[in-house]
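Each remark here refers to the structure printed beneath this line.
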Amino acid sequence: MRRLPVYFVLDCSESMVGEKLRQMQEALHMIVQSLRTDPHALETVYLSVLAFAGTARVVAPLIEIASFYPPHLPLGSGTHLGEALGLLIREMDRSLIRTTAEAKGDWKPIVYLFTDGCPTDDPRPEVERWKQKYAGKATLIIITLGTYADFETLRELTENVIVFEEKREGDFTKFISWVTASVAAQSKSVGEMGNDRFDLANLDESVMKLVKEPPPKVDDNCVVLVGRCTKTRKPYIIKYERGTMPLPSKDFHFEVPSNTYQLSGCYPLDEEYFDWSDERVIEQTVHTSALQGAPGCPHCGNNSAFAMCGCGKLLCVNGPGTVTCPWCRTQVRFADDSGGDFDVARGQG
Amino acid sequence: MAVSASWAKKHFALLKLLYPGADEQQLRCFAENEQAHRIIRKFYRNLYQEWKRQTHAGKDGAEPETINYLPSSDPEPTRAATPDPTAQPLQHPTTVPMMSNVKTPVPGQKPTLVVKESVIFNLPNGHKGKEYAEVVVANDASLKNVRVVSIKDLEDIGLSFDPESQRVSGVPNTDGDFRLKLQFKRQGAEGRQSGECWLIINPNVASLWKNIEPDRELVYGEKTNTDCTTLRLPEQNLTAASCRGRSHAHVGSFRDDDYYIEHLDATGWSILVVADGAGSANYSREGSRLAVTTAGLYFAELLTDKAEADDVDRMIQNWEQKKQDFGRFFNEHYQQAAVRCVEAIEGECQKKNAPYREYSTTLLMALVKKHAGLTYLATFWMGDGAIAAYGSNGVLKLMGTPDSGEYAGQTRFLDRAALKDPKFFSRIRVGGFDDVTHVLLMTDGVSDPRFDTEAGLAKIERWDALMNDIQPCLEKEDPGQALLQWLSFPSPGHHDDRTIAVLWETENTAAGKKRETAMVQVETTGVNE
């Protein structure tokens with residue numbers, strides 16, 4: 001029985017925290033649920049999930065749909081695309097069955113790569129390796145969530161680069177239906193006609209667009225900061241998204257990206273986050289004057305999760321007083337006056 | 001830090017003094033504003049410094065009396081206690097750095113306490129109707145020593161939970177994705193906590209395959225989903241069966257395979273033809289029908305003609321010398337038959353104004369004559385599938401090799417280009433074989449699941465296994481029907497139309513034959529047998 005291997009390579013970097021990560025988790029669940037009801041897919045499709053942030057790992061090895069259990073997706077600092085590609089190549093070498101004279105092997109695999117930001121490592125060597133040896137052996141489809149990805153690099157990997165932007169309610173569902181349908185169609189195509197040429201047809205243009213020319217580079221759209229709860233020492237992540245400001249115009253309502261970021265959420269993390277982050281990377285800073293709003297602590301409910309210790313890391317406080325920094329373990333005293341703005345180290349995104 | 005209520009009250013009092021005409025509501029709001037708070041506090045401090053400087057300068061060395069530098073009378077306990085707010089704070093013996101880098105939430109904004117997700121437990125996937133017995137485990141590996149106490153709603157699925165063994169077991173009676181609520185407790189702790197368990201039950205694959213009737217209103221809509229024929233003769237039997245594949249049934253499209261079998265009593269020839277219409281071609285169901293019928297009738301006519309049949313008989317009887325002539329005869333006639341097929345399809349294309357490729361089909365044929373205990377065959381093989389002469393004593397004569405294209409699944413179809421191909425004649429094979437009990441033809445719907453690759457076709461064990469399966473069908477009253485039933489065998493990933501045609505000796509000729517495997521020289525005894 002010939003298998004149709006489908007690999008999902010998912011960006012689990014910090015910028016995905018919150019709604020985007022939840023959506024990706026939900027997406028995996030929905031795709032598998034739909035494929036389970038398609039007899040062609042249920043028999044031939046084998047799924048595998050690879051996640052990457054500051055490092056890349058296989059979170060679900062290649063397995064038939066009937067036994068596939070949607071894995072828990074991690075979160076980490078970094079978008080190491082090069083590492084992700086390297087892992088994908090190794091995983092394909094390890095798990096794919098080639099056709100021999102004796103037995104027919106797997107059909108040409110499909111790889112769906114989801115990413116939302118720019119690579120934080122140098123992916124060029126892996127991109128070259130892919131282009132030379134693997135591009136012909138698999139159908140690679142790259143889907144960027146939003147427009148802040150490095151399209152030039154992505155277009156080098158494959159022609160199939162699609163931008164997905166959720167503008168309206170229901171867009172996400174449409175998008176997931178497209179992914180499911182494309183897998184189901186391929187499983188039918190290989191089953192019926194023995195044809196594993198992939199057809200990137202039927203893109204719902206209202207929701208996704210095929211990127212033909214790399215659009216001009218834009219600045220990132222979010223700032224993420226990591227802190228630890230003073231009481232429980234558990235980590236959390238604060239996300240700010242680039243705000244928009246209305247452009248005055250009497251006829252239309254225009255919004256342009258502003259220079260400030262709005263608080264979009266503060267989420268609890270667990271220690272796993274650090275396993276997925278690359279600590280070696282040089283940190284950039286952001287000035288707090290650009291950040292609007294400050295959250296409370298999601299673990300203990302402290303008033304502010306945005307207090308910075310002399311060691312440069314964030315912790316939570318509940319008014320003035322002396323606390324022990326959960327990072328460097330020294331005592332820190334906070335005055336009643338909140339003082340002026342300051343620079344804080346930001347995550348790689 | 002948010003502006004506390006007492007501060008806001010003090011600020012409000014001050015603001016009222018400063019801006020008596022302003023809207024009270026606005027003043028209250030401003031009194032709670034963080035930025036305003038900072039400015040006001042700075043003002044207090046600066047003013048107090050100056051007051052201190054001036055009043056202190058007036059006295060000689062004495063400390064100014066401790067006054068509250070705030071306008072209202074009730075002091076803030078922590079702040080009023082500080083006589084000199086600009087003095088350095090007390091340092092602990094171990095350095096306590098004073099940091100003022102805090103970002104505070106906007107006043108009025110509640111701290112974002114994110115509700116912790118409920119604790120998740122896992123169970124491996126199950127299948128509807130299949131026995132299930134698995135232990136439930138917590139998703140979070142750091143959760144040690146937890147035991148699940150109870151799981152809700154399992155009975156609805158047909159399962160039950162045993163807290164002792166932590167095992168869920170039973171036979172699921174339904175399929176779907178279930179998020180089951182459960183209660184668990186930690187070792188050593190009292191009281192129960194609630195959590196969730198995700199359980200996925202797969203549907204029965206067979207039940208997912210739909211069986212939809214094709215639209216009979218369409219052109220060539222009379223093609224049946226199944227067909228079978230059996231011909232019983234004194235010395236041999238012929239049977240053929242053809243059925244629509246699951247992938248076609250699932251979407252309501254037609255069977256694209258076809259067959260033709262015939263026996264010419266007058267001259268003793270049997271004709272077996274099978275064809276597989278291309279899946280991507282819209283009218284290939286008619287293409288296959290035209291091909292098998294045209295080719296079959298061509299040879300029916302040819303081999304009923306006494307003169308022709310006698311010519312061939314002479315070649316058979318004088319096999320060693322004449323087998324080349326035998327070969328040439330069938331080369332020529334298979335070519336003619338192929339041309340007729342192409343012409344027939346072209347004629348249909350004209351009528352319906354459709355391109356030739358919509359009728360694309362493969363074509364496999366065998367012409368068989370028994371003589372003096374040997375089996376003489378002339379075969380034609382275009383496309384995938386298989387033609388073989390088989391003997392239960394370990395004889396296997398594969399009459400060619402399947403066509404395959406650039407990627408698996410692509411094959412060669414019968415068209416003008418194929419006729420002109422210099423390799424055309426390599427598709428035609430002839431032979432005279434001893435000890436052959438069966439001649440089989442099949443489309444790839446049967447050869448793929450049973451043989452998988454070209455190499456598989458060469459393995460006699462696979463043919464033995466196939467014969468093992470179909471022999472019981474051949475022994476039935478109605479072998480055609482029996483084969484048709486057999487053709488619906490499940491094979492994951494193989495859902496193509498399936499067609500098989502078999503010629504086999506009847507019992508009384510097969511029994512009692514003990515042959516050497518070496519070729520037997522046939523002597524010329526006469527024109528007719």
Side-chain angles (χ1 to χ4, degrees), chain A residues 1-2 29 33 36-40 42-44 65-69 72 99 101-104 188 190-197 265-268 270 288 291 293-298 301-304 306-310 317 319-320 322 330-339 342 344, chain B residues 1-2 34 38 41 78-79 89 92 94-106 109-114 116 120 122 124-125 127 139-140 142 175 177 198 200 202-203 205 208-210 245-248 250 278-280 407-410 452-456 491-496:
Chain A
M1 203 272 302
R2 303 190 68 182
H29 207 92
Q33 212 173 22
R36 241 195 277 282
T37 57
D38 178 316
H40 280 108
L42 196 55
E43 282 184 12
T44 52
I65 290 194
S67 305
F68 183 85
Y69 202 91
H72 157 73
T99 298
E102 290 300 302
K104 291 210 178 123
K188 182 162 169 272
V190 300
E192 229 178 82
M193 295 184 264
N195 178 354
D196 62 8
R197 196 183 59 231
C266 180
Y267 308 91
D270 48 38
T288 53
L291 308 175
C297 176
N302 265 355
N303 231 340
S304 174
F306 204 139
M308 189 167 91
C309 173
V317 294
T322 305
T330 58
Q331 298 224 297
V332 189
R333 183 161 169 177
F334 288 90
D336 50 14
D337 191 311
S338 33
F342 49 95
V344 63
Chain B
M1 289 148 264
E34 195 190 339
R38 268 191 233 125
R41 295 273 310 284
T78 48
R79 284 155 225 184
H92 285 259
T94 56
T95 335
V96 179
M98 159 81 134
M99 301 305 300
S100 60
N101 291 341
V102 180
K103 204 162 162 54
T104 51
V106 170
Q109 179 191 354
K110 291 278 172 284
T112 45
L113 183 68
V114 178
K116 251 204 150 333
I120 308 286
N122 287 349
N125 299 356
H127 285 260
N139 198 13
D140 188 353
S142 65
D175 61 81
D177 285 19
W198 295 355
I200 298 170
N202 289 294
V205 176
L208 289 178
W209 286 107
K210 297 188 252 196
R246 275 188 193 91
S247 50
H248 284 162
H250 193 61
S280 50
Y407 42 88
Q410 192 187 35
D452 197 29
T453 57
E454 206 177 295
S491 183
H494 294 115
H495 307 297
D496 203 357

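- In this structure, a donor-acceptor pair under 3.5 Å is absent between the side chains of Y69(A) and N125(B).
- Among all heavy-atom pairs drawn from E43(A) and S491(B), the shortest one is OE1-O, 4.3 Å.
- Using a 4.5 Å heavy-atom cutoff, the side chains of P39(A) and H250(B) are in contact.
- At least one side-chain heavy atom of H40(A) sits less than 4.5 Å from a side-chain heavy atom of S247(B).
- In this structure, the side chains of L42(A) and P203(B) come closer than 4.5 Å at one or more pairs of heavy atoms.
- Residues Q33(A) and I200(B) form no side-chain contact, since every pair of their non-hydrogen atoms from C-beta on lies 4.5 Å or further apart.
- Within the 4.5 Å cutoff, the side chain of H72(A) has no heavy atoms near those of the I120(B) side chain.
- At a 4.5 Å heavy-atom cutoff, the contact between I65(A) and chain B is made by backbone atoms alone.
- Proximity to chain A (any heavy atom under 4.5 Å) is shown, for D175(B), by neither the backbone nor the side chain.
- Under the 4.5 Å side-chain criterion, counting only non-hydrogen atoms from C-beta, L208(B) is not in contact with R36(A).
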